[in-house]
Each structure stands twice: as structure tokens, then as C-alpha cells.
Enquirer: 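What follows is a single structure, and I will ask about it in a moment.
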2 protein chains.
Amino acid sequence: MTTRTITIKDVADMAGVSPATASRVLSGNPATSPESRKRVIAAASQLDFHPNAQARALRSTRTNVIGLLMSDVRNPFFADLAHSAEQTALAEGFVTLLGNANENAVQQDRYLDTFISQRVDGVVAAPEGMGSSSLRALLAREIPTVFVDRTIDGIDVPSVTTDSDNGIRQAVEHLAQQGHTRVGYIAGPQATSTGRDRLRSYAKAAQDYGISTDPALIYFGDFQSRSGSDGAHHLLSLSQPPTALLAADSPMAVGALATLNRKGMRIGRDMGLIAFDDIEWFSLLDPPLTVISHDVEAMGRIAVELLLELINGGQPSSVVLPSELIIRASSGTADPVVART
Amino acid sequence: MTTRTITIKDVADMAGVSPATASRVLSGNPATSPESRKRVIAAASQLDFHPNAQARALRSTRTNVIGLLMSDVRNPFFADLAHSAEQTALAEGFVTLLGNANENAVQQDRYLDTFISQRVDGVVAAPEGMGSSSLRALLAREIPTVFVDRTIDGIDVPSVTTDSDNGIRQAVEHLAQQGHTRVGYIAGPQATSTGRDRLRSYAKAAQDYGISTDPALIYFGDFQSRSGSDGAHHLLSLSQPPTALLAADSPMAVGALATLNRKGMRIGRDMGLIAFDDIEWFSLLDPPLTVISHDVEAMGRIAVELLLELINGGQPSSVVLPSELIIRASSGTADPVVART
DNA sequence: CTGAAAGCGCTTACAG
DNA sequence: CTGAAAGCGCTTACAG
């Protein structure tokens with residue numbers, strides 16, 4: 001280090017005050033004289049002083065950093081969620097340490113351990129699994145934590161989630177009305193609450209609306225696009241293939257779409273397709289994709305708002321956001337002749 | 001804080017050694033006896049000790065954190081870039097502090113100042129503008145910095161960029177071969193190097209291949225999708241509208257696509273469309289989108305590799321990655337009868 | 001191989 | 001309103 005780094009002592013010296021007074025001015029403590037304030041601020045500006053966040057955090061046990069654990073930043077849903085959370089946090093004076101679990105339990109724990117070591121003021125997490133030791137370590141340290149999108153059974157922290165049930169029910173009803181009786185469901189991983197909830201909702205709605213509950217019609221994916229194309233491939237190879245597909249998230253829907261295209265199937269005519277998650281460009285596909293939509297912007301924003309309440313000693317309640325079906329052309333009837341039985 | 005936090009002193013006490021020895025064991029210093037190692041590791045594990053990263057950083061002037069400044073995480077190109085950089089960093093033992101400038105100079109500076117205060121070990125940035133005071137402060141402190149995707153004229157740091165020229169040239173040649181003579185170019189912001197470079201390449205290639213250089217055919221967007229739809233709308237309203245559009249990034253291409261769809265234009269027949277950036281699902285559109293492709297995974301990985309070299313005292317050279325045209329159906333001829341003149 | 005001691009750069013009771 | 005002093009939790013020459 002050739003250029004010695006500027007410390008608060010340099011600022012204090014130049015301003016002709018003690019480090020204590022300089023510290024008070026710079027942290028907005030009102031117990032300062034206008035004269036001191038003027039000189040300290042001038043000195044800090046002239047020296048281009050950037051306070052050492054490590055030293056500040058070490059002493060004050062506040063870092064103004066929140067940890068944001070996302071399961072897969074390349075999934076546009078989580079990219080949007082991260083964006084919404086990050087912008088909300090920034091507006092409130094917090095910077096965001098982003099951990100990308102990459103749908104991988106080991107990486108998730110790696111980042112949670114990092115959050116603990118970095119002494120973040122709080123964590124917003126879209127967790128997977130059943131509560132690893134890293135997650136328990138986080139909670140044992142009473143680090144304020146909010147779950148977003150996903151939860152973990154038996155771990156009682158505030159959360160912001162989507163009520164998938166309504167949207168999925170509408171989707172199944174819609175498919176039934178279109179005359180479908182065999183629907184392929186590409187499920188999310190059962191190690192996630194959303195994977196489990198959406199499958200449960202689907203299974204129940206299928207039964208209620210007279211859609212086949214043949215277990216062969218359920219394919220278990222991992223929320224990533226590759227498993228969507230594998231799933232579509234598998235389902236179409238069944239001896240009694242489905243006439244429509246419902247994918248539990250958008251990357252798997254994209255994967256399924258790629259398979260259908262490769263096979264030369266006409267979406268909405270040869271094969272219906274509905275995706276969970278509304279992504280901007282899904283409406284630009286030809287045909288536009290029918291989706292189950294939920295409000296990702298609100299989800300990210302509210303998660304950070306709950307976290308700030310928690311950090312400030314409050315006891316916020318969990319929030320559940322609605323989901324709803326948006327019907328577009330991809331779910332057109334497979335065979336309009338087949339009436340509901 | 002009810003539960004007192006565990007420190008290295010607790011670990012040392014339980015292991016029956018000094019904090020110095022505990023520290024040596026935990027940081028892998030070889031000057032330790034097997035006996036000490038065994039007992040310190042056991043104690044740390046039993047107490048679930050997570051070293052305070054602030055304290056460690058304050059003393060050792062290493063944080064093992066790198067700052068990653070992206071211009072817009074919702075842009076899939078940058079989401080992929082962030083993912084690639086983050087995974088590479090993680091494998092090398094660094095965690096990533098993600099700053100999202102949101103294509104906004106003020107937010108960019110906010111994050112750069114944060115990186116300085118957090119004393120990150122290095123920065124990977126996709127910068128915009130001409131070199132703000134925050135950016136200069138970063139460099140004045142000799143914080144290792146690498147530019148990725150974009151650069152700033154007159155600021156000499158290693159970078160990983162794409163040579164847009166070749167891909168754009170191929171795209172223009174292809175459009176000319178298809179008989180197009182009036183092409184609408186939706187440019188990126190001229191405050192970014194990529195916005196400027198791509199426009200320059202386009203203008204030169206248009207001239208070389210006999211495509212109109214009418215300035216009315218250039219629309220200046222901001223790399224976000226809204227400006228793409230505005231741009232398409234504007235260009236189609238010209239008294240002599242273009243027969244094809246070339247968008248300088250993928251969100252603007254998505255925006256243009258939305259406008260074309262709304263107007264009921266058939267892509268690839270009524271209007272050609274080419275996008276800079278290859279996004280997974282662009283090939284799933286109907287018709288699939290012709291794109292100028294470059295290697296985002298390599299870009300993120302190499303950027304972090306260069307940064308690590310820099311952090312370790314090396315003097316890495318900048319890397320320029322190639323771009324190339326991938327022809328799909330969206331750039332089909334506007335009017336196949338028109339021969340090249 | 002080990003420990004005592006100093007110090008990284010701040011903030012915060014404490015006393016005035 | 002201000003300053004001297006202590007201390008946050010580590011690491012690292014230094015001496016042995």
C-alpha cells in the first residue's frame with residue numbers, strides 16, 4: 001500500500017478537533033457545534049474520506065449490510081425478486097450481499113455461513129431443504145431473517161410467499177374446460193416448499209376437476225430449464241401422453257417449450273402449455289403463453305420491509321400474496337370435441 | 001443481543017491454548033502442533049465458531065470480498081454475467097457484493113463508494129459514463145479493478161470486452177444480402193462504450209454494404225426494454241420506414257418485438273429483426289430470433305480471473321472476445337425480389 | 001511451536 | 001458540546 005489510507009484521525013487533525021468529535025459529526029450525532037460540523041465536513045470532503053466499514057461495524061455491531069440468498073439468479077423470477085429487494089434495501093440505506101445458491105444446498109450453506117461471518121444485520125432468503133445446520137446457526141445467533149417465496153416447515157420466521165393454490169386451481173379448471181383430461185405436470189423439487197405446495201395444489205385440483213391423477217403424468221424437475229425439457233420429453237413418450245403440460249416455474253416451461261418446438265408440435269394446438277411465473281416476454285411468444293402470475297416486485301419489496309421491521313425490534317406478520325391465471329393462446333384446446341364428462 | 005457471540009478467545013479457552021495459537025490454527029498457519037490443531041478445531045466446531053469477518057479484515061487488510069457492479073441485473077445478459085463471475089469468485093474463496101447500478105449513474109456511484117468503504121479486495125465493473133469521482137476515488141486508492149463488457153475511455157484498467165465489430169458487420173452484410181436497404185438501428189446509450197462502439201460499427205458497416213445512412217433511422221435507446229418498444233414505434237412511423245430492425249441489446253429487442261406484435265407485423269416477413277446478445281429463449285420465439293452472439297460465461301469468468309491476477313500483484317492484459325452472427329428466421333428477407341445493386 | 005502485547009479504525013460511555 | 005480512554009475481535013511481528 002503506497003498511498004496511506006485516510007482515517008478519521010486525519011480528518012480530525014485537519015479540522016482541529018478530536019477523533020471523537022469527528023466521529024460524531026460524520027455519524028450525524030446532534031451533540032456537535034455548528035463550527036465543528038462545518039470544519040469536519042470540509043476536511044472529510046477535502047481528504048475524500050471513506051470511513052472504514054469494517055472498523056465501524058466492529059465497534060457498533062451494525063453493518064448496514066443485508067444478506068440476500070437467492071436460489072438461482074439466472075431464473076428471471078429470482079433476478080426480478082433480487083432487483084426489487086435490492087432497490088428497496090438501497091433506498092433504506094442498506095447494501096446487499098447477494099448469495100446465489102444455484103439450487104444447491106452446499107452453496108446455500110456456504111453463503112449463509114458467509115452472512116454470519118460478515119455479521120449482516122439481517123437476511124432475506126429463498127431457502128431450500130429442511131433447515132441445514134447453517135440455517136440453524138443463523139437463527140441461533142438471532143440474526144433477523146425473513147423467508148421469501150419459499151419457507152421451511154418448522155422454522156418460524158416471517159415470510160412473504162405466494163398462495164399458489166388459487167392460480168393453480170384456475171389453471172386446472174381452465175384446462176378441464178378446454179377438454180383436457182390428461183395433463184403432464186412438471187413439478188419443482190420436493191426439497192422446496194413451493195415445489196411441494198404447487199404439486200399438492202395441482203393434485204387436489206386435478207381430482208376436483210376430473211383430470212387424470214395417473215402418477216406417471218407427474219415429472220419431478222429441479223426448477224431449472226434442462227429438467228423442463230427432459231420432463232416434456234419423458235411425458236410425451238408415455239404410452240398415453242398428456243394433451244397439455246403445466247410447468248411449476250418459468251425455466252422449466254422454457255425447457256418444455258424447447259422440446260415441443262424440437263418435436264415440431266404446435267403449442268396451443270397439438271399441446272397446451274401453462275407456466276407458473278409470469279415473465280415479461282412470455283406474452284411475446286407465438287402463441288403467447290398462458291401463465292399463473294404473482295407479483296414479484298411486491299414480494300421483494302415486502303420481504304425487505306418485514307426484515308427492517310424485524311431489525312428494528314418489531315414482530316411483523318407473514319404476508320401471503322395472491323396468484324391468478326392469465327389466459328393466453330398457449331392453452332388453447334387440445335381437442336375441442338371432447339366434452340367434459 | 002441475549003446470546004453472547006462466540007469469539008476466538010472462547011475457542012482458545014476451550015482448547016487450552018492462547019488466542020494467537022487458535023488464530024494460527026484456524027487460518028491454516030503451518031506453525032502449529034498437531035495437538036493444538038486437533039484441540040482448536042474440535043473446540044471451534046463444538047462452539048460453532050464463525051470468525052468475525054470485520055475484525056479479521058480490519059487487522060489483515062484482506063476481506064475476501066469482491067465488488068461486482070452490474071448495470072442492470074434484470075437484463076438477462078447481466079444476470080448471466082453476474083452468475084458466471086460470482087461462481088468463479090466463489091470457487092476461489094471470494095464472496096461477491098453485488099451492486100446494481102440500474103443503468104443509473106447515481107446508483108453506480110453509490111455502490112462504488114460502498115465498495116471503498118467495505119474495503120473490498122477488488123472490483124469487477126460494467127461502468128457507464130466518463131469516469132465519475134467515485135470511480136476515480138476507487139482507482140486512487142489502488143483498489144484492483146477490472147472492467148467487464150464496458151470500458152471508460154482514458155481509464156487504463158484491464159478489461160474483458162466483446163469485439164462487437166465482427167458480429168455487427170456480419171449482421172449488416174446479411175441484411176443487405178436479404179435485400180434490405182433501410183434498416184432501423186436501436187442504439188444503446190452513448191454514455192456507455194458498448195453503446196458507442198456498436199453504433200460506430202453499425203454506421204461503418206451500413207455504409208460499406210450500401211444500407212441507408214439516413215440519420216432518421218437511428219433511434220437512441222437506453223438498453224432497457226421500454227426504449228426498444230418506443231424505438232420500434234418511432235422508426236415504423238417514419239415517412240420512409242425501415243424494413244428491418246437491429247437492436248443493440250436484448251431488452252431493447254424484446255421491447256421492439258412487443259411493438260411489432262402489437263402492430264400485427266409478422267417478424268421475418270413484414271419486418272426483419274436482429275438482436276445483439278444471445279438469450280436462451282430467443283431461439284424459442286416464432287420465428288426464432290437472429291442474434292449477434294458473444295460468450296457471456298467466458299466474459300464473467302475471465303473478468304474474475306484477471307481480477308485475481310491483479311490482486312496477487314500481476315499485470316494481466318485485457319481480453320477481447322469475439323462476436324458472431326447466428327442466423328435464424330427472424331431476419332428473413334423483407335422483399336426477396338430486390339436484388340443487391 | 002507458542003504466548004503476551006500491540007494495533008487495525010472506528011464508536012461510545014464517561015467525565016467535564 | 002468536547003476529549004481521553006477503552007474496546008470491538010481478530011492477526012502478527014517479536015521474543016522465546
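A quick note: this is a predicted structure, and the numbers were derived from the prediction, not measured.
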Enquirer: Taking only the side-chain heavy atoms of A:T5 (C-beta and beyond), determine which of C:dA4, C:dG9, D:dG3 contains the nearest atom.
Expert: C:dG9

Enquirer: Determine: side-chain N/O of A:S18 to OP1/OP2 of D:dG3, distance under 4.0 Å, yes or no.
Expert: yes

Enquirer: Among D:dC1, D:dT12, C:dT12, which nucleotide has an atom closest to any side-chain atom of A:S23?
Expert: C:dT12

Enquirer: Whole-Å distance between C:dC1 P and B:R24 CZ?
Expert: 11 Å

Enquirer: Hey, could you give me the CD1/CZ distance between A:I66 and A:F115, rounded to the nearest 0.5 Å?
Expert: 9.0 Å

Enquirer: Rounding to a whole Å, what distance do you find between B:I116:CD1 and C:dC10:P?
Expert: 14 Å

Enquirer: Nearest nucleotide by nearest heavy atom, which residue falls closer to the 5' end of DNA chain C, B:T32 or A:I6?
Expert: B:T32

Enquirer: Within the structure shown, what part of the strands sits under 4.0 Å from B:S33 by heavy-atom distance: base, sugar-phosphate, or nothing?
Expert: sugar-phosphate

Enquirer: Checking B:Q107 against A:Q87: is there a side-chain donor and acceptor pair closer than 3.5 Å?
Expert: yes

Enquirer: Closest approach to the side chain of B:A31, judged atom by atom: which nucleotide of C:dC1, C:dC10, C:dA5 is it?
Expert: C:dC1

Enquirer: What integer number of Å spans the C1' atoms of C:dG16 and C:dT12?
Expert: 16 Å

Enquirer: Would you jot down, in residue-number order, the residues of residues 42-60 of chain A having a non-hydrogen atom under 4.0 Å from DNA chain D?
Expert: A:L58, A:R59

Enquirer: For the residue pair B:S117 / B:T114, report whether a side-chain donor-acceptor contact shorter than 3.5 Å exists.
Expert: no

Enquirer: Have a look at A:P34 and say if it touches a base, only the backbone sugar-phosphate, or nothing, with a 4.0 Å heavy-atom cut-off.
Expert: nothing

Enquirer: How does DNA chain C look in dot-bracket form if you count Watson-Crick and G-U pairs under 3.5 Å, write [ ] for pairs that cross, and put | where a base pairs with another strand?
Expert: |||.||||||||.|||

Enquirer: Just checking B:S27: base, sugar-phosphate only, or nothing, at a heavy-atom cut-off of under 4.0 Å?
Expert: nothing

Enquirer: Do A:H83 and B:N102 get their side chains close enough for a donor-acceptor pair, meaning under 3.5 Å?
Expert: yes

